[in-house]
Structures are given as C-alpha cells and as structure tokens.
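Quick notes on the structure that follows.
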Amino acid sequence: MNGMTHTLVAVGAGLAALLAGYVLHSVINAKRLRDAKEFASRIEDEARKEGLAQKKEILLQGKHELLEYKRQAEQELKELEKELKGKEKKLEDYSEKLEEKFEKATEKEHDLILMEKDLARKERGLEEKEEQLNKKMDEQERKLQEVSGLTVEEAKNRLMEEVASRTRHEAAKTMRVIEMEARENADRKAKEIIANAIQRYAGDYVGEQTVTAVTLPSDDMKGRIIGREGRNIRALEAATGVDLIIDDTPETVILSAYNPLRRQVAKMALERLIQDGRIHPARIEDIVRKAEEELDVQIREVGQQATFDAGVHGIHPDVMRLLGQLKYRTSFSQNVLQHSLEVSSLCGMMAAELGMDIKKAKRAGLLHDLGKAVDHEVEGPHALIGADIAKKYGESKEIVHAIAAHHEDVSPDSVLAVLTQAADCLSGARPGARKELLQNYVKRLEDLEGIAASFDGVTKAYAIQAGRELRVMVNSDSVDDDTTYLLCKDIAEKIEQSLTYPGQIRVTVIRERRAVGIAK
C-alpha cells in the first residue's frame, strides 16, 4: 500500500514537472514570438524609412534632371527664336526688295502705256500724211502727164529706170559702209570676248620645282639611309634616278631630279622605307617597284579628277590615264595638265560668248595637248600625235581636227579649231605662265641622258646635280672593268661634241655585280 502510494506520488510529481516544463516552454515560445514580432516591426520600420529616403533621393535626382532638361530646352528655344528672327529679317528684306521691284515694274508698265499711246498717235499722223502724199502724187502725176505728153505707163518706166540707177549706186555705197562697220565690230567683239574670258579666268602663276624635301623623324635616320659604306643611298639613287642630298639641314633629306615623276617615286619609296624601318638594297628595290605601281594608280585618279574639274564626261579610261601623265610634264615651266584645264576653261567661256556648244569647246581644250603625254615615245608633232590618239579612242571629227590644228600643223577649218588655238595662246602667253630657261635646262638634261643611253651596254642613265653629273649604269655581263673606263671617256667626248653647257660635267660609270640568295 505504501509502495503504491509512493508510485502515485512519483507519477504525480512527474506529471507536475511535465506540466511545469510545458508551461515554461510555452512562456519561452511566446516571449520568442513577441521578440520576433518586435524585431520584424523594427526591420519594417527601418525598411520604410530607408525606402522613404531613397524615394526622396530619386525625386531630388529627377527634379535635377528635369531642371537640366528644362534649361537645355530653353537654350534650344532661344537658339530657334534667334534663327527665326534672322529668317524673319531676311524675309522682310526680301519683301522690301520685291516691293521695290514691283514699284519699278509698275512705273515701267505706266511708261509703256504712255509710249503705246504716243505710238498710236504718231501712227495716226503717219496715215494722214500718207493719204495727203498719195493725193499730191496723183495730182503731180496728172500734171506731168499733161506737160510731158507721156502716158502713165511710159512715165512710170522712165522713173523706175532712174530710181533703179540711183538705188544701185546707193546700195553699193551702203554695202561698203556696212562691210567696214562689220569688220570693225567683228574685231572689237573678238577683242571683247577674249578680254572677258581672261578677266573671268583667274589662274595662278606656275612655278615648277626640281627638288623635293622629305622630313625625317630624327637625324639618326640619315645614317640608316646612307647605309654601310653608302650602299643604301647608292641603291636608292640607282633604282629611282634621283640624287639624294643629305647635308646639315636637320631632319631633312632633299631629292633632286628634273623629272618630277622620278622625284615622286623616290619620295613615296623613301617615306615608306622610313616608316617600315627595314632599309637595305633588296628592300629598296622592292619598295621602289611598289611605289611605281601606286603612282600609276594615282595618275589614273588625277586624270579622272581633271575630267571632273573641267566638266567633261564620257572620256575613255586610257585617255584619262594620259591626262594624268600630263601632271608630270611641263612646257616652258608651265604644268601641262594645269595648262590644259586653263585652255578648257577659256574655250568654254569664249564659246558661251559666241553661242557655241560649251561642252564640246571644253572637251577640245582639255584634250588639245594629249600628245605631250607620249611625244617622247612617238615621232612627230604632239598636236598630230594627240589627234591620232583622240581618233583612236572614238572622239568626234571636230575634236580631232581642233587638236591637230591648234599649232597649225594642219590648217584650221572650223570655229572650234580657231577657238582652241586662241585659248592655247592665251593660257601660255599670260604673265608668269612660262619660262624659257627651265625648258632649255630640262632639254639639256634629257639630251645628256639620251647620249649616254645611245652606247651599247648602258642599262640606265641619270642626269643629277642640276646636270653637273651624269651617272651611268652598265650591264656587268656585257661590259667588263676595262671597258668601263673606255665607255666613260667616249661618253664624255660625245657630250663635249654635242652639247653646249656652262662649267663641266662629271661622268660616272657604275658596273656592279650582285648575287642574291634565299635561305629557307
């Protein structure tokens, strides 16, 4: 009994402990739940405050951007208002001018009405006088018939004979006067047309240069251009035919040659070598070859631009290339391409004054010196050479004849031919256009190179140092070392016999044997 009682007490104590633990656990959970709700409430309050702060910041930023957009819009509006005011001012000025013209037109219309009334009044007076004259003539005819005893028909025939005789005499005098006036007017009109064309064309003076400067990045590059024992500079001069002058001028190399085509090739090659940095004889020859190809492309582009500038279209591409070559030809120091453009412009102006076809006149002027692009390769006058080329590429007979006749190699038989001839003279004769001295100088240099090239074994010949030196390259297979000295002496003797020149000319004959191998 006591044991059972103890057991029940123990069970009750356990249940009480269990109940107390449950109650305690519930209290603790309730406290935790309350703390969690408070924490969540604080987080919510903080989030709400932070959201309000961000909202205020976004609103402020939006207001700032809105103000900036408003300021820009106001500035653009002010500019538009300023532009509109300017246009309004122009419209007002234009309106005033139109009103002035309208008033003048109204005045002229009033004057014309008065003149018409005056003419009508004079016409009525003339009709009255004619009627009175007819009456007097009838009366005189009747009196003459009574006095002379002649019939009306007989008197009319005699009067007609006398009037015819007097009329022939007066007509002859009038014809002489008209012929003299026509000649004077034609001469005056021709001078006026030429003068107007010269005044409208404002061409620049032509100053042909024989040197080109190439800028270097530093003076150290001069040594690389010269190369070991001068092999690089010799290779470049041999490949281009241009004399390289390397002196004390800082960061500059001078290319000297009378042929501008050679100078351009040398300049392009040297600039590319400087940019590339690899400078040696084999590389120099490769670069020079590429520069020549690029220059050929540039020549075509120059020809196309010339036809565009002159307003002449439908020209054959080969003719455009020949026009591009004229950029590198001179006539008495005048650039031939620029001269051709001048002649084209002058022809167009004078054709407009004469009421001729302007496009055809410009075309003839542009192509008139086409033969000078190949006159060193083809025998004959450049005018006839150019005419043959124009005919070959489908130009009209009038254009071909104008080209052939502009130096009277054939007799001009059209107004277009005479016009082209006159424009050619105007372009060449204007002050500063041409100089005889440079032409003679270039001719002497060409003769020097021609003399050297006439000898067997010579591959290339270049006149350098303003014609004071002739550099001759020979074929090492056909000319040996001993023959080189004899060849040099023979060239010098032929120059002395054939040319007249100041000072002396140094002849340098170069024989070089080169071996090139490729390692793979």
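Every value quoted in this text rests on a predicted model; they were computed, and no experiment measured them. Below, each value reflects all heavy atoms present in this structure, side chains not excepted, and no hydrogens, waters or symmetry copies.
- Annotation for Val242 and Arg262: closest pair CG2-O, 3.5 Å, computed over non-hydrogen atoms.
- Each salt bridge (Lys or Arg N to Asp or Glu O under 4.0 Å) pair with one or both residues in residues 47-61, not counting sequence neighbours, appears once here: Glu44-Arg48, Asp45-Arg48.
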Legend entry - Stepwise side chain to side chain contact (heavy atoms under 4.5 Å, CB included) check, Met268 with Gln298: CA-CA 12 Å; Met268 294 168 63; Gln298 292 179 8; 3.6 Å; yes
Inset, instruction - Report the C-alpha separation of Val302 and Leu323 in whole Å, then their side-chain angles, then the decisive distance to 0.1 Å, and conclude whether the side chain to side chain contact (heavy atoms under 4.5 Å, CB included) test is met. - result: CA-CA 8 Å; Val302 168; Leu323 284 174; over 6 Å; no
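- Here the options are Thr252, Ile225, Ile246, the test is side chain to side chain contact (heavy atoms under 4.5 Å, CB included), and the partner is Leu216; only Ile225 passes.
- By the 4.5 Å heavy-atom criterion applied to side chains, Asn232 and Leu273 are not counted as neighbours.
- Looking at Thr106, its side chain does come within 3.5 Å of a backbone N or O of Phe102 through a donor-acceptor pair.
- The pair Arg321-Asp296 counts as a salt bridge, with a side-chain nitrogen and a carboxylate oxygen less than 4.0 angstrom apart.
- Here the closest non-hydrogen pair linking Ile403 and Ala390 is CD1-CB, 3.7 Å.
- At least one side-chain heavy atom of Val288 sits less than 4.5 Å from a side-chain heavy atom of Leu236.
- Annotation for Met356 and Val415: closest pair SD-CG1, 3.5 Å, computed over non-hydrogen atoms.
- Using a 4.0 Å cut-off between a side-chain N of Lys or Arg and a carboxylate O of Asp or Glu, Lys87 and Glu83 qualify as a salt bridge.
- In the model, His368 has no side-chain atom that pairs as donor or acceptor with a side-chain atom of His407 under 3.5 Å.
- Scanning both residues, Leu270 and Leu255, for their nearest heavy atoms gives CD2-CD2, 4.2 Å.
- Inter-residue side-chain proximity for Ile464 and Ser256 is flagged as unmet; no heavy-atom pair is nearer than 4.5 Å.
- The shortest distance between side-chain heavy atoms of Glu293 and Val297 does not fall below 4.5 Å.
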Legend entry - Pair Glu229-Arg234, salt bridge (Lys or Arg N to Asp or Glu O under 4.0 Å): steps then yes or no: CA-CA 9 Å; Glu229 297 178 356; Arg234 286 200 303 272; 5.7 Å; no
Inset, instruction - Check the pair His401, Ser414 against side chain to side chain contact (heavy atoms under 4.5 Å, CB included), reporting the backbone distance first and the verdict last. - result: CA-CA 8 Å; His401 174 70; Ser414 67; 3.7 Å; yes
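- Between Ile274 atom CD1 and Ile287 atom CD1 the span is 12.0 Å, to the nearest 0.5 Å.
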Inset, instruction - Determine, stepwise, if the pair Arg283 / Asp276 fulfils salt bridge (Lys or Arg N to Asp or Glu O under 4.0 Å). - result: CA-CA 10 Å; Arg283 179 68 175 165; Asp276 185 78; 3.3 Å; yes
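- The shortest side-chain heavy-atom distance between Met320 and Thr307 falls under the 4.5 Å cut-off.
- For the atom pair Leu60 CG and His64 NE2, the distance stands at 10.5 Å (nearest 0.5 Å).
- Within the 3.5 Å criterion, the main-chain N or O of Val336 finds a donor-acceptor partner in the side chain of Ser340.
- Taking CG of Leu80 as the start and CD of Glu76 as the end, the distance is 7.0 Å to the nearest 0.5 Å.
- We find that Lys392 and Asp388 are not joined by a salt bridge, their nearest charged nitrogen and carboxylate oxygen being 4.0 Å or further apart.
- At a threshold of 4.5 Å between non-hydrogen side-chain atoms, the residues Glu395 and Val319 do not count as touching.
- Taking both residues in full, the closest heavy atoms of Ile233 and Gly230 are given as CG2-O, 3.3 Å, listed atom of the first, atom of the second, then distance.
- Rounded to the nearest 0.5 Å, atoms CG (Leu370) and CD (Gln325) are 9.5 Å apart.
- Two residues are said to be in side-chain contact when any heavy atoms from C-beta on lie closer than 4.5 Å; Thr508 and Glu469 meet this criterion.
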Legend entry - Lys290 and Asp286: CA distance, side-chain angles, deciding distance, salt bridge (Lys or Arg N to Asp or Glu O under 4.0 Å) verdict: CA-CA 6 Å; Lys290 291 181 179 178; Asp286 184 46; 3.7 Å; yes
Legend entry - Stepwise side chain to side chain contact (heavy atoms under 4.5 Å, CB included) check, Thr459 with Val474: CA-CA 5 Å; Thr459 58; Val474 297; 5.8 Å; no
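- Nearest heavy atoms, Cys347 versus Ala361: CB-O, 3.4 Å.
- A distance-only check finds no donor-acceptor pair linking the side chain of Ser95 to the backbone of Leu91 [under 3.5 Å].
- Side-chain atoms of Leu470 and Arg506, non-hydrogen and from C-beta on, never get closer than 4.5 Å to each other.
- Salt bridge Glu449/Lys460: absent, no basic N to carboxylate O contact under 4.0 Å.
- Not counting sequence neighbours, the partners of Phe308 by the side chain to side chain contact (heavy atoms under 4.5 Å, CB included) test are Gln305.
- Glu68 CD: more than 12 foreign heavy atoms inside a 6.0 Å radius.
- Rounding to the nearest 0.5 Å places NE2 of His406 at 13.5 Å from CG of Leu419.
- At a threshold of 4.0 Å, the pair Glu294-Arg272 counts as salt-bridged, since one of the basic side-chain nitrogens sits closer than that to a carboxylate oxygen.
- For the atom pair Ile315 CD1 and Arg363 CZ, the distance stands at 5.0 Å (nearest 0.5 Å).
- Put simply, the side chain of Ser344 never gets that close to the backbone of Gly365: no donor and acceptor are under 3.5 Å apart.
- Salt-bridge check for Lys90 with Glu88: failed, with every basic side-chain N at 4.0 Å or more from each acidic carboxylate O.
- Contacts of Glu81 classified as side chain to side chain contact (heavy atoms under 4.5 Å, CB included), with partners at least two apart in sequence or in another chain: Leu77.
- We find that Lys372 and Asp369 are joined by a salt bridge, their nearest charged nitrogen and carboxylate oxygen being less than 4.0 Å apart.
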